[in-house]
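Report on the following structure.
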Amino acid sequence: MSVKVRFAPSPTGYLHIGNVRTALFNYLYAKSQGGKLVLRIEDTDKERSKTEYIDQILKDLNWLGLHWDEGPDVGGASAPYEQSKRLDFHLKAVDQLIQQGHAYRCFCTPQDLDVMKEECKKNGQPPRYDNRCRNLSEDDVKQRLEKGDKAAIRFKIDEPELTFEDLVRGSVRFDLNLFGDFIIVRPDGTPTFHLAVCYDDGSMGITHVLRGEDHLANTPKHILLMKAMGFTPPQYAHLSLIMGKGGKVLSKREGAKSLEEYRKLGYLPEVVDNYLALLGWSAGDDKEIYTMEELEKAFDVKRVNKSSAIFDIEKMDWLSGEHIRMLEDDVYVQKALDYLKEQNCLSESLKLLPLDEIKSILLIFKDNITRFEELVDRLTIYDPNAPMQDEFVLQQEGVSQIVEAVKSYVESVADGESMDFSVLNQQLKESVSKKGKELFLPLRVALTYRSHGPEMKRILPLLKKDLCLDRLKKASEIAG
RNA sequence: GUCCCCAUCGUCUAGUCAGGCCUAGGACACCAGAUUUUCAUUCUGGCGACAGGGGUUCGAAUCCCCUUGGGGACGCCA
């Protein structure tokens with residue numbers, strides 16, 4: 001039987017790291033098994049769902065390269081893929097459940113339920129519904145309905161316990177006496193998540209459900225519901241949750257960054273994929289740097305960790321640097337350019353530079369950054385309006401001598417000709433007594449306004465004569 | 001409160017299922033040194049863990065029990 005998985009986000013917010021990892025694992029599982037991935041939008045919560053979130057989710061997933069075979073935008077045999085458009089199917093399924101005696105109407109009010117819960121707590125029991133409306137006679141129900149009373153519909157749990165095999169957790173057993181019959185349709189007639197998910201997973205032929213561990217306790221309900229509707233329940237794999245630095249779950253509420261924010265910081269999509277894959281999974285060897293293709297081959301759900309992991313941005317930074325350095329030069333330049341354009345963070349003065357020049361500048365920094373965001377900062381070396389940093393270097397004794405020597409070299413360079421570090425170096429040797437750090441650090445600061453950066457011999461040819469003279473003038477004012 | 005899940009360096013993990021090859025391996029971070037006349041990179045070295053207690057066994061990180069700690073769930077949210 002071929003594998004079919006799904007990623008089913010609810011569009012009540014932006015995708016965050018936890019969601020993305022679930023999506024990634026589903027994608028990787030599909031790929032590793034030669035199966036299909038379905039994208040389904042679970043927008044049954046009318047209050048909180050927004051279409052702008054749907055758009056963003058599609059965009060984010062595409063950016064990460066997590067492509068789906070069936071979904072709201074590409075269609076498929078089980079369309080539609082927005083849950084809100086499947087209402088008729090769901091209601092029909094519910095009718096059948098009622099007819100078959102799997103479900104019944106419940107007239108209890110929220111207040112009634114609160115009382116019940118309090119009762120349970122007092123007795124040291126888990127809060128649950130006591131199934132009281134199960135025994136309502138058909139006439140009772142009819143009467144109350146005619147009277148205009150609103151009723152929710154509950155699913156009957158008859159079994160005393162249920163055990164299932166979880167792909168990552170192994171055998172899991174639940175005492176069903178702890179659960180009350182649960183609601184599958186609200187009094188306003190809209191189906192709940194449980195009903196919608198089970199019907200959709202079943203009707204779409206989903207074979208494996210990889211989801212967050214927070215759904216573990218829902219699984220017995222879902223298995224029962226699916227069976228009652230005549231579907232074969234899928235195999236479940238519950239992924240442990242990702243924690244933030246404080247050890248608390250990474251979620252919207254805890255202020256987890258949206259994927260969009262990481263993109264803004266200049267992480268490559270493959271970096272996010274690579275890092276997230278490593279969070280809770282390993283192939284069992286020491287390999288850590290993966291391309292997407294390699295992940296697709298190597299991934300194995302059975303090797304997913306049971307315990308939760310803490311998201312560590314520092315390790316992702318390291319991976320980011322590794323991936324950037326792996327890029328072919330022209331690919332790197334293109335991606336850097338795209339980033340600068342998309343984030344619109346190239347300074348006005350640098351925008352005036354010819355494209356070729358910007359390209360060669362970008363290349364200089366390739367080995368020197370861990371994320372594209374750093375590029376923006378480094379680029380100020382070429383920006384005439386950038387302020388001077390590390391002034392103290394120039395204040396050291398004897399620096400004016402160096403500044404003067406550099407100035408005379410720069411002045412000697414013909415207009416339109418680029419400067420050459422070896423020539424400058426030669427001249428400095430003759431006219432300046434200082435050498436080593438004492439010579440090169442002030443030289444660097446005077447010309448670039450910063451005490452560190454790539455090799456001078458790479459920077460120099462791209463620095464404009466006017467800019468240098470300008471900076472040297474200011475440098476000589478403060479030079480010691 | 002009740003139920004469920006989890007537990008190896010600060011962090012991510014290998015090793016656990018099939019006990020001995022583990023005086024527990026790798027990576028990030030950190031510290032020190034070397035290279036790079038700066039930063040980054042690279043290289044070398046260092047620091048650093050089987051949560052605790054009981055069993056089982058010739059032998060336990062690995063199997064069992066208890067304790068502790070962490071997390072999740074208990075919605076007319078998904």
Side-chain angles (χ1 to χ4, degrees), chain A residues 8-12 42-45 47-49 83 106 108-110 113 117 120-129 150-154 166 168-170 172-175 177-180 182-188 190-194 196-197 211-220 238 240-241 243 245 247-249 275 278-289 302-303 305-319 321-322 325 365-370 374 378 390 393 425 435-441 443-445 448 450-456:
Chain A
S10 51
T12 54
E42 311 226 316
D43 52 355
T44 49
D45 185 346
E47 307 276 303
R48 298 190 298 150
S49 296
Q83 217 157 44
C106 164
C108 296
T109 63
L113 298 175
K117 273 179 207 163
C120 292
K121 270 190 182 171
K122 249 188 241 167
N123 302 330
Q125 296 283 313
R128 53 157 280 194
Y129 173 67
K150 293 279 182 204
I153 297 172
R154 288 185 184 265
D166 189 282
V168 347
R169 260 143 237 287
V172 184
R173 198 186 78 89
F174 278 92
D175 178 357
N177 294 311
L178 268 16
F179 302 120
F182 58 96
I183 293 188
I184 53 177
V185 179
R186 302 180 186 95
D188 69 359
T190 59
T192 62
F193 153 79
H194 300 295
V197 165
R211 41 146 64 152
E213 195 191 357
D214 47 340
H215 284 297
L216 194 60
N218 284 332
T219 306
H238 287 92
S240 62
L241 273 14
M243 307 291 177
K245 265 263 185 275
K248 289 276 173 235
V249 183
Y275 177 67
L278 255 30
L279 214 50
W281 172 82
S282 86
D285 52 24
D286 291 336
K287 186 172 169 67
E288 299 207 273
I289 299 168
K302 295 210 177 95
R303 290 197 56 87
N305 268 215
K306 294 200 240 304
S307 51
S308 52
I310 294 175
F311 181 80
D312 177 18
I313 191 83
E314 282 175 339
K315 186 144 188 176
M316 190 159 89
D317 280 340
W318 166 73
L319 263 180
E322 294 290 320
R325 271 171 247 126
F365 294 107
K366 181 180 171 187
D367 296 338
N368 228 258
I369 58 166
T370 56
E374 290 176 4
R378 306 279 158 110
D390 307 305
V393 173
N425 203 357
K435 55 182 181 180
K437 224 175 194 164
E438 299 214 295
L439 167 61
F440 291 96
L441 215 48
L443 166 75
R444 176 180 290 279
V445 174
T448 70
R450 305 175 148 247
S451 63
H452 55 253
E455 291 170 277
M456 283 306 294

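Within every chain, numbering begins at 1; the chains are lettered A, B, ... in the order of the sequence lines, protein sequences first and strands thereafter.
As judged by a 4.0 angstrom heavy-atom cut-off over every strand, A:Arg173 is placed among residues touching the sugar-phosphate backbone only. Using a 4.0 Å heavy-atom criterion, one finds that A:His238 contacts no nucleic acid atom at all. Contacts of A:Asp175 with the nucleic acid, taken as non-hydrogen atoms under 4.0 Å apart, are absent. Using a 4.0 Å heavy-atom criterion, one finds that A:Gly453 contacts the bases of the nucleic acid, with or without backbone contacts as well. No engagement by A:Arg450 is indicated, since no non-hydrogen atom pair under 4.0 Å with the nucleic acid exists. Backbone-only engagement by A:Glu322 is indicated by non-hydrogen atom pairs under 4.0 Å involving sugar-phosphate atoms exclusively. Counting any heavy atom pair closer than 4.0 Å across all strands shown, A:Pro9 reaches no nucleic acid atom. Using a 4.0 Å heavy-atom criterion, one finds that A:Thr44 contacts the sugar-phosphate atoms exclusively. Within 4.0 Å of A:Thr109, counting heavy atoms only, lies at least one base atom of the nucleic acid. Nucleic acid contact for A:Arg444: base, since at least one base atom lies under 4.0 Å from a heavy atom of the residue. Across all strands, A:Cys108 comes closer than 4.0 Å to base atoms (heavy-atom distances). Counting non-hydrogen atoms under 4.0 angstrom, A:Ser307 reaches the backbone sugars and phosphates but no base. Here A:Leu113 lies in heavy-atom contact (under 4.0 Å) with a base. Here A:Glu455 lies in heavy-atom contact (under 4.0 Å) with a base.
Look at B:rC3: its Watson-Crick or wobble partner, with both distances under 3.5 angstrom, is B:rG72. Figure legend. B:rU41 is base-paired to no nucleotide; pairs are counted as Watson-Crick or G-U wobble with both atom distances under 3.5 Å. Using the Watson-Crick or G-U wobble rule with both distances under 3.5 Å, B:rU56 pairs with nothing in any strand shown. Pair assignment for B:rC28: B:rG10, on the basis of Watson-Crick or G-U wobble contacts that are both within less than 3.5 Å. A 3.5 Å limit on both hydrogen-bonding distances identifies no Watson-Crick or G-U partner for B:rU23.
Between B:rG26, B:rC76, B:rA78, one nucleotide has an atom nearer to the side chain of A:Lys315 than all others, and that is B:rG26. Checking B:rA78, B:rC76, B:rC5 against the side-chain heavy atoms of A:Ser10 singles out B:rA78 as nearest. When each of B:rA78, B:rC74, B:rC39 is scored by its nearest atom to the side-chain atoms of A:Asn368, the top-ranked nucleotide is B:rC39. Listed nucleotides B:rC12, B:rC76, B:rC4 differ in distance to A:Arg154; the shortest reach to its side chain belongs to B:rC76. Of the candidate nucleotides B:rC28, B:rC5, B:rC76, B:rC76 has the atom nearest to the side chain of A:Pro187. In this structure, the nucleotide among B:rA73, B:rC5, B:rC4 sitting nearest to the side chain of A:Asp214 is B:rA73. The side chain of A:Leu441 lies closest to B:rU38, out of B:rA27, B:rU38, B:rA14. Across B:rA14, B:rG1, B:rA78, the shortest atom-to-atom separation from the side chain of A:Pro127 is found for B:rG1. Side-chain proximity of A:Asp286 to the nucleotides B:rC3, B:rG25, B:rA7 is greatest for B:rG25. Side-chain proximity of A:Lys117 to B:rU37, B:rG75, B:rC77: nearest is B:rG75.
A:Asp390 and A:Ser451 share a side-chain donor-acceptor pair at under 3.5 Å. Side-chain atoms of A:Arg444 and A:Thr448 form no donor-acceptor pair, as typed in the model, at a separation below 3.5 Å. Using a 3.5 Å distance cut-off with no hydrogens or angles, the side chains of A:Thr219 and A:Arg211 do pair a donor with an acceptor.
Comparing the same atom, C1', in B:rA27 and in B:rC47 gives a spacing of 15 Å after rounding to whole Å. Using C1' as the reference atom, B:rU8 and B:rA24 are 8 Å apart when rounded to the nearest Å. Between B:rU62 and B:rG54, the two P atoms lie 14 Å apart (nearest whole Å). Using P as the reference atom, B:rG10 and B:rU41 are 24 Å apart when rounded to the nearest Å. Comparing the same atom, P, in B:rG1 and in B:rC17 gives a spacing of 34 Å after rounding to whole Å.
When all heavy atoms of A:Ser10 and A:Glu42 are compared, the pair lying nearest together is CB-O, 3.2 Å. Nearest heavy atoms, A:Phe179 versus A:Pro220: CE1-CG, 4.1 Å. Residue A:Gly284 comes nearest to A:Arg303 through the heavy atom pair CA-NH2, 3.0 Å, listed as atom of the first residue, atom of the second, then distance.
For the pair A:Arg169/A:Leu216, a side-chain contact is recorded, criterion being any heavy-atom separation below 4.5 Å from C-beta on.
Counting to the nearest Å, the C1' atom of B:rU11 and the CG atom of A:Asp317 are 14 Å from each other.
The side chain of A:Arg186 places an N or O atom within less than 4.0 Å of a non-bridging phosphate oxygen (OP1 or OP2) of B:rC77. At the phosphate of B:rA78, neither OP1 nor OP2 sits under 4.0 Å from any side-chain N or O atom of A:Thr12. Between A:Arg303 and the phosphate of B:rG15, there is a side-chain N or O to OP1/OP2 separation shorter than 4.0 Å. Regarding contacts with the backbone of B:rA14, a side-chain N or O of A:Asn305 is found under 4.0 angstrom from either OP1 or OP2.
Ion pairing between A:Asp312 and A:Lys315 fails under the 4.0 Å rule for side-chain N and carboxylate O.
Aromatic pair A:Phe311/A:Tyr275: ring centres closer than 6.0 Å.
Map A:Asn425 and A:Phe311 each onto its nearest nucleotide of RNA chain B; the residue landing nearer the 5' end is A:Phe311. Positionally, the nearest nucleotide of RNA chain B for A:Tyr129 lies more toward the 5' end than for the other of A:Thr192 and A:Tyr129.
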